[in-house]
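Report on one structure; see the data block that follows.
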Amino acid sequence: MSAVTIEHFDTQIVDLPTIRPHKLAMHTMHGQTLVILRIRCSDGTVGIGEATTIGGLAYAGESPESIKVNLDTWFAPLLIGQDASNVNAAMQRVDRAIRGNTFARSAVETALLDAQGKRLGLPLAELLGGRLRDGVEVAWTLASGDTAKDIDEAERMLDLRRHRHFKLKIGAGEPARDIAHVAAIKRALGDRASVRVDVNQAWSEAVAVNACRQLADAGVELIEQPLSRYDRAGMVRLSAHSPIPLMADEAIESVQDSFALAQMGAASIFALKIAKTGGPRAVLRTAAIAEAAGIGLYGGTMLEGSIGTLAAAHAFATLDKLEWHTELFGPLLLTEDILLEPPLYRDFQLLIPRAPGLGLALDEERLARFARP
Ligand code: MUC
Ligand code: MG
């Protein structure tokens with residue numbers, strides 16, 4: 001059998017509206033921008049991948065524009081002509097030639113896996129060893145910036161049986177006001193839902209020491225990335241004192257970061273994100289480190305559209321334990337989907353497709369409408 005080679009990279013930036021503004025500590029989103037990658041192979045298969053970040057350069061070191069330029073300028077020439085059916089060899093070539101750029105890398109790894117799955121007739125989860133669940137439970141983020149609106153939104157999600165875990169974005173305001181906002185929401189929802197908070201690095205250790213206690217008293221079950229991603233020692237001290245667990249998110253920008261954090265005892269839960277570690281295959285290495293260290297797992301998102309969301313879902317479906325569930329709701333924050341059949345959310349879960357590869361088909365007409373010229 002002659003080798004199947006990688007023939008062409010096609011990249012597009014797509015700007016999609018969101019259902020409402022989404023307020024994080026570092027940025028308020030009024031839309032979301034996806035970078036869509038298609039890798040065409042010599043056997044006619046086309047693998048699809050996505051690289052998506054939040055707020056341009058506000059969240060991470062890659063912007064949609066830099067991702068597109070780097071895919072076109074550096075990743076494509078490195079991989080064109082290479083064996084498309086050996087994802088390990090292709091990603092080893094990337095590892096040897098390219099530093100960082102985990103978002104772009106994630107799109108490439110996803111597209112190569114999608115093509116390979118289509119070629120072999122296997123869904124991505126099966127290509128990664130096999131699914132242990134047919135769906136993953138999905139939390140919703142309340143981030144309208146208004147307490148009453150957030151409570152209404154949570155009630156609607158409970159009625160629809162779409163979400164029963166809520167993550168509240170705080171850190172932009174005064175800590176006392178933020179904590180009152182969280183406590184009011186938890187009081188309104190009671191035992192019908194779990195409430196978690198994401199501070200997105202906004203607090204100092206001195207603020208966080210008191211806030212962790214107050215949030216615990218309010219019934220919050222976990223605190224995500226309260227301190228700067230660089231403050232590992234602060235996270236270790238805070239973890240030792242906090243009555244509720246801390247989760248590392250921005251502090252993990254590579255598989256190596258996750259090892260260092262595990263070794264130090266900086267957090268008892270890790271937010272896994274394919275974009276932060278460089279793809280669905282790479283994110284499982286971070287998961288393995290966490291599992292070995294007794295750290296709980298949470299399936300995180302960079303608020304990707306449907307492609308990145310399904311890529312992550314396939315990977316998370318292969319994990320033994322996913323105690324803290326996922327937040328793979330990105331497509332639900334967008335008013336438009338660029339797939340012919342949007343991902344299926346039912347009974348608090350996102351269902352994992354069973355068709356080969358990612359198990360999705362692009363809606364070319366919709367994609368063309370929202371693609372940046
Ligand atoms: C983050 O920091 O976790 C994930 C969900 C959400 O609302 O924001 C993102 C980013
Ligand atoms: Mg976070």
Side-chain angles (χ1 to χ4, degrees), residues 18-34 50-62 102-103 106 136-145 149-150 153-154 157 162-163 165-172 178 181-182 185 194-203 208 215 220-229 231 235 245-253 257-258 261 266-277 283 286 296-305 308-309 312-313 316 324-334 345 350:
T18 47
I19 55 170
R20 57 153 167 74
H22 198 66
K23 192 170 187 308
L24 289 77
M26 77 288 274
H27 175 80
T28 300
M29 295 166 58
H30 295 279
Q32 180 57 311
T33 302
L34 328 177
E50 175 183 341
T52 292
T53 187
I54 293 171
L57 285 170
Y59 194 104
E62 292 164 77
T102 57
F103 288 65
S106 177
V136 289
E137 193 155 337
V138 180
W140 177 254
T141 298
L142 299 170
S144 73
K149 268 194 201 156
D150 282 358
E153 200 172 286
M157 297 307 175
R162 231 177 60 184
H163 309 280
H165 305 292
F166 297 100
K167 160 158 145 175
L168 275 51
K169 288 294 202 182
I170 58 173
D178 274 352
H181 162 82
V182 173
I185 293 175
S194 76
V195 169
R196 300 108 181 247
V197 299
D198 189 356
V199 192
N200 282 120
Q201 315 181 64
W203 288 343
L215 288 168
V220 169
E221 66 172 11
L222 86 84
I223 304 175
E224 181 173 343
Q225 198 69 53
L227 308 183
S228 157
R229 73 179 188 85
D231 192 3
M235 286 285 281
L246 302 192
M247 176 155 80
D249 182 11
E250 290 93 318
I252 306 171
E253 287 202 334
D257 280 343
S258 59
L261 295 168
S268 42
I269 307 166
F270 280 0
L272 305 172
K273 294 186 181 176
I274 58 170
K276 291 190 306 182
T277 31
V283 83
T286 284
L297 296 180
Y298 178 70
T301 181
M302 283 305 297
L303 300 174
E304 288 100 339
T309 296
F316 299 157
W324 298 90
H325 309 292
T326 78
E327 57 181 12
L328 293 178
F329 68 87
L332 301 171
L333 191 63
L334 305 172
Y345 290 87
L350 163 62

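All heavy atoms count here, side chains included; hydrogens, waters and symmetry mates do not. Just follow the structure's listing: the first ligand is 1, and inside any ligand the first atom is 1.
Under 4.0 Å from ligand 1, not a single heavy atom of Q225 appears. Counting heavy atoms under 4.0 Å from ligand 1, residue Q201 does not touch it at all. Contact annotation for F329 and ligand 1: only side-chain heavy atoms (C-beta onward) come within less than 4.0 Å of the ligand. Contacts with ligand 1 closer than 4.0 Å are made by heavy atoms of both the backbone and the side chain of T301.
For the pair E250 (side chain) and R229 (backbone), a donor-acceptor distance under 3.5 Å is absent. Counting only distance, with no hydrogens or angles, the side chain of K276 and the backbone of A271 share a donor-acceptor pair below 3.5 Å.
The atom name of the N/O/S atom in E224 closest to the Mg ion (ligand 2) is OE2. The atom name of the N/O/S atom in D198 closest to the Mg ion (ligand 2) is OD2.
Close approach of ligand 1 to E224 is summarised as follows: ligand atoms under 4.0 Å from at least one heavy atom of the residue are 3 (O).
In this structure, M302 falls outside the shell of residues with a heavy atom less than 4.0 angstrom from ligand 1.
Of the protein's non-hydrogen atoms, Y59 OH, 2.6 Å is the one closest to atom 2 (O) of ligand 1. Atom 3 (O) of ligand 1 has K167 NZ, 2.8 Å as its closest protein atom, hydrogens excluded (heavy atom only).
Counting backbone and side-chain atoms alike, D249 contributes an N/O/S atom closer than 2.8 Å to the Mg ion (ligand 2).
Atom CG in L168 sits 13.0 Å away from atom CH2 in W140 (nearest 0.5 Å).
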